[in-house]
Amino acid sequence: VQLQAYGGGLAQAGGSLRLSCAASGRIVGLNVMAWYRQAPGMQRESVASITRGGITTYVDSVKGRFTISRDNTENTVYLQMNSLKPEDTSVYYCYAKRTYGPVERQYTDEYWGQGTQVTVSS
């Protein structure tokens with residue numbers, strides 16, 4: 001599976017950006033798609049995730065400002081980022097996970113896209 005992310009860039013505080021990530025290759029069964037971010041000197045953190053059925057989760061710091069969505073027909077996940085803050089400045093990574101196998105012994109494949117820089121100026 002290859003993940004190609006688009007849409008990073010520079011925004012002013014209070015502005016918006018939209019990230020896109022297209023999955024290609026062996027895409028069948030990608031249960032979860034997500035966005036992570038990593039600022040310099042910081043650990044990578046999960047920003048938002050979405051299941052194939054549309055269940056979403058968000059880190060508290062972005063709730064009410066970011067929206068993750070997914071187009072299963074296009075195998076693409078989006079992250080709409082509104083009301084951006086300087087602390088959102090980071091490299092954002094697309095992530096996908098496939099879980100399969102019997103309940104008693106499940107297997108997981110994980111995939112990462114290349115990062116895309118988001119910079120928010122104050």
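This is a predicted model, so every value here is computed, not measured. Sequence positions, counted from 1, serve as the residue numbers for this chain.
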Exercise. Are Arg44 and Tyr93 in a cation-pi setup, meaning NZ or CZ lies under 6.0 angstrom from the ring centre and within 45 degrees of the ring axis?
Worked result: yes
Exercise. Going hydrophobic residue to hydrophobic residue with side-chain gaps under 4.5 angstrom, can you get from Tyr92 over to Tyr95?
Worked result: no
For this session: Report the distance from atom OG of Ser61 to atom CD of Glu87, rounding to the nearest 0.5 Å.
Result: 8.5 Å
For this session: Spell out, as yes or no, whether a donor-acceptor pair under 3.5 Å connects the side chain of Thr51 to the backbone of Gly53.
Result: yes
Problem set entry | Sequence neighbours excluded - salt bridge (charged side-chain N to carboxylate O under 4.0 Å, His left out) pairs with any residue from residues 8-23 | none
Exercise. Transitively linked via ILVMFWY side-chain contacts under 4.5 Å: Val59 with Leu79?
Worked result: yes
Under 3.5 Å, side-chain donor or acceptor atoms of residues 19-36 against the rest of the protein: list the pairs with distances, not counting sequence neighbours.
unit_1	atom_1	unit_2	atom_2	d
Asn31	OD1	Thr99	N	2.4

Exercise. Which is it for Thr76 and Asp71 under the side chain to side chain donor-acceptor pair (under 3.5 Å) test, yes or no, and what are the steps along the way?
Worked result: CA-CA 5 Å; Thr76 302; Asp71 184 337; over 6 Å; no
For this session: Show your working on side chain to side chain contact (heavy atoms under 4.5 Å, CB included) between Gln12 and Val120 and close with a plain yes or no.
Result: CA-CA 5 Å; Gln12 290 190 329; Val120 183; over 6 Å; no
For this session: Could you tell me the separation between the CD1 atom of Ile55 and the CD1 atom of Ile50, rounded to the nearest 0.5 Å?
Result: 9.5 Å
Exercise. Rounded to the nearest 0.5 Å, how far apart are OG of Ser121 and CG of Leu84?
Worked result: 10.0 Å
Exercise. Is any side-chain heavy atom of Arg98 less than 4.5 Å from a side-chain heavy atom of Tyr111?
Worked result: yes
For this session: Hey, could you give me the OG1/CE distance between Thr67 and Met81, rounded to the nearest 0.5 Å?
Result: 11.0 Å
Exercise. Side chains of Tyr107 and Arg105: is there a donor and an acceptor less than 3.5 Å apart?
Worked result: yes
Seminar exercise, completed: So CZ of Phe66 and CG of Asn82: to nearest 0.5 Å the spacing works out to 8.5 Å
For this session: Considering only NZ, NE, NH1 and NH2 on the basic side and carboxylate oxygens on the acidic side, decide whether Lys85 and Asp88 come within less than 4.0 Å.
Result: no
For this session: Return yes when atom CD of Gln43 has more than 12 non-hydrogen atoms of other residues, nucleotides or ligands closer than 6.0 Å, and no otherwise.
Result: no
Exercise. For the residue pair Leu3 and Gln114, what are the closest heavy atoms and their distance?
Worked result: O-OE1, 3.4 Å
Exercise. Taking all atoms of both residues into account, what is the closest heavy-atom pair of Gly7 and Leu17, and its distance?
Worked result: O-CD2, 4.2 Å
Problem set entry | For Glu45, salt bridge (charged side-chain N to carboxylate O under 4.0 Å, His left out) partners two or more places apart | Arg37
Exercise. If you take all heavy atoms of Cys94 and Val77, which pair is closest and at what distance?
Worked result: SG-CG1, 3.9 Å
Problem set entry | Heavy-atom closest pair, residues Ile68 and Tyr58 | N-OH, 2.9 Å
Exercise. What are the two closest non-hydrogen atoms of Ala13 and Ser122, and how far apart are they?
Worked result: CB-CA, 4.2 Å
Exercise. Does the side chain to side chain donor-acceptor pair (under 3.5 Å) test come out yes or no for Thr89 and Thr119, once each step is laid out?
Worked result: CA-CA 5 Å; Thr89 295; Thr119 303; 5.3 Å; no
Problem set entry | Side chain to side chain, Gln80 and Ser16, heavy atoms closer than 4.5 Å | yes
Exercise. So, do Thr108 and Gln106 sit near enough that their side-chain heavy atoms are less than 4.5 Å apart?
Worked result: no
